[in-house]
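A short write-up of the structure that comes next.
The first residue in the sequence is number 1, and the count goes up from there. Just so you know, these numbers use all the heavy atoms, side chains as well, and skip hydrogens, waters and symmetry mates.
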Amino acid sequence: MNYRNGRDVLPPSLLAELQQYIQGDLIYIPKPSNQRASWGEKSGARKLLAERNREIYKCYADGATISELERKFHLSSESIRKIIVKVKCKLTV
């Protein structure tokens with residue numbers, strides 16, 4: 001996040017209005033909701049997890065046990081089960 005001086009980017013009337021509420025402090029102005037990226041979109045984490053989850057489901061469908069998947073993916077049995085159910089639901093929709 002870059003620091004920018006309000007005098008450089010805001011019209012004087014808006015700057016004066018903001019100064020009635022806050023002076024000399026940093027303020028974060030978020031993007032509008034329709035312009036915000038969802039979690040993991042920019043870093044690619046969401047895509048990597050989706051690929052991992054599909055691999056878990058494929059291994060399970062090919063006969064791997066929950067215990068084998070726990071060891072292979074370093075996840076709890078509960079997490080493995082949730083992933084299998086979630087991927088299976090997506091595939092049947």
Side-chain angles (χ1 to χ4, degrees):
M1 184 178 337
N2 296 328
Y3 168 83
R4 297 179 61 188
N5 191 318
R7 275 189 217 112
D8 297 337
V9 295
L10 300 172
S13 60
L14 179 56
L15 180 60
E17 181 72 22
L18 289 171
Q19 286 172 331
Q20 293 179 27
Y21 300 94
I22 188 168
Q23 303 104 26
D25 290 321
L26 295 177
I27 184 170
Y28 172 73
I29 302 172
K31 291 181 181 181
S33 298
N34 61 349
Q35 293 181 4
R36 296 180 73 190
S38 297
W39 177 87
E41 281 185 36
K42 287 187 175 184
S43 68
R46 180 180 293 254
K47 183 179 177 184
L48 290 174
L49 286 176
E51 289 171 6
R52 180 207 63 185
N53 292 350
R54 284 191 297 272
E55 183 181 355
I56 288 171
Y57 181 78
K58 184 182 180 315
C59 290
Y60 180 76
D62 290 344
T65 66
I66 299 292
S67 297
E68 291 169 339
L69 295 173
E70 283 180 71
R71 287 189 297 277
K72 181 175 180 178
F73 293 97
H74 307 285
L75 295 170
S76 70
S77 61
E78 187 63 27
S79 293
I80 296 291
R81 285 185 180 89
K82 286 179 183 179
I83 289 167
I84 290 168
V85 168
K86 187 175 180 179
V87 173
K88 184 177 181 178
C89 287
K90 284 184 178 181
L91 292 175
T92 58
V93 172

Residues forming a side chain to side chain donor-acceptor pair (under 3.5 Å) with Arg46, sequence neighbours excluded =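 By the side chain to side chain donor-acceptor pair (under 3.5 Å) rule, Arg46 matches no residue at all.
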In chain order, what residues pass the side-chain contact (heavy atoms from CB on, under 4.5 Å) check against [X], with sequence neighbours excluded?
X	answer
Pro32	Asn34, Gln35
Ile22	Asp25, Ile27
Gln23	Gln19

Would you be so kind as to tabulate the donor-acceptor pairs closer than 3.5 Å made by side chains of residues 66-74, with sequence neighbours excluded?
from	atom 1	to	atom 2	distance (Å)
Glu68	OE1	Thr65	N	2.8
Arg71	NH1	Ser67	O	3.4

The complete set of salt bridge (charged side-chain N to carboxylate O under 4.0 Å, His left out) pairs with one or both residues in residues 75-84, sequence neighbours excluded, reads none
- Pairs touching residues 8-20 that satisfy salt bridge (charged side-chain N to carboxylate O under 4.0 Å, His left out), sequence neighbours left out: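 Sorted pair list comes back empty.
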- Is Leu14 isolated, or which residues cluster with it under the ILVMFWY side-chain rule of less than 4.5 Å, directly or via members?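 Answer for Leu14: Val9, Leu10, Leu15, Leu18.
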### Message
Can you list, by chain and residue number, the hydrophobic cluster partners of Leu49 when the side-chain cut-off is 4.5 Å?
### Response
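Besides Leu49, the hydrophobic cluster comprises Trp39, listed by chain and residue number.
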Which pairs, with at least one residue in residues 47-58 and sequence neighbours excluded, count as a side chain to side chain donor-acceptor pair (under 3.5 Å)?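 Every side chain to side chain donor-acceptor pair (under 3.5 Å) pair that includes a residue of residues 47-58, provided the two are not neighbours, is Lys58-Asp62.
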Under 3.5 Å, sequence neighbours excluded: what are the donor-acceptor pairs made by side chains of residues 84-93?
from	atom 1	to	atom 2	distance (Å)
Thr92	OG1	Lys88	O	3.3
Thr92	OG1	Cys89	O	3.0

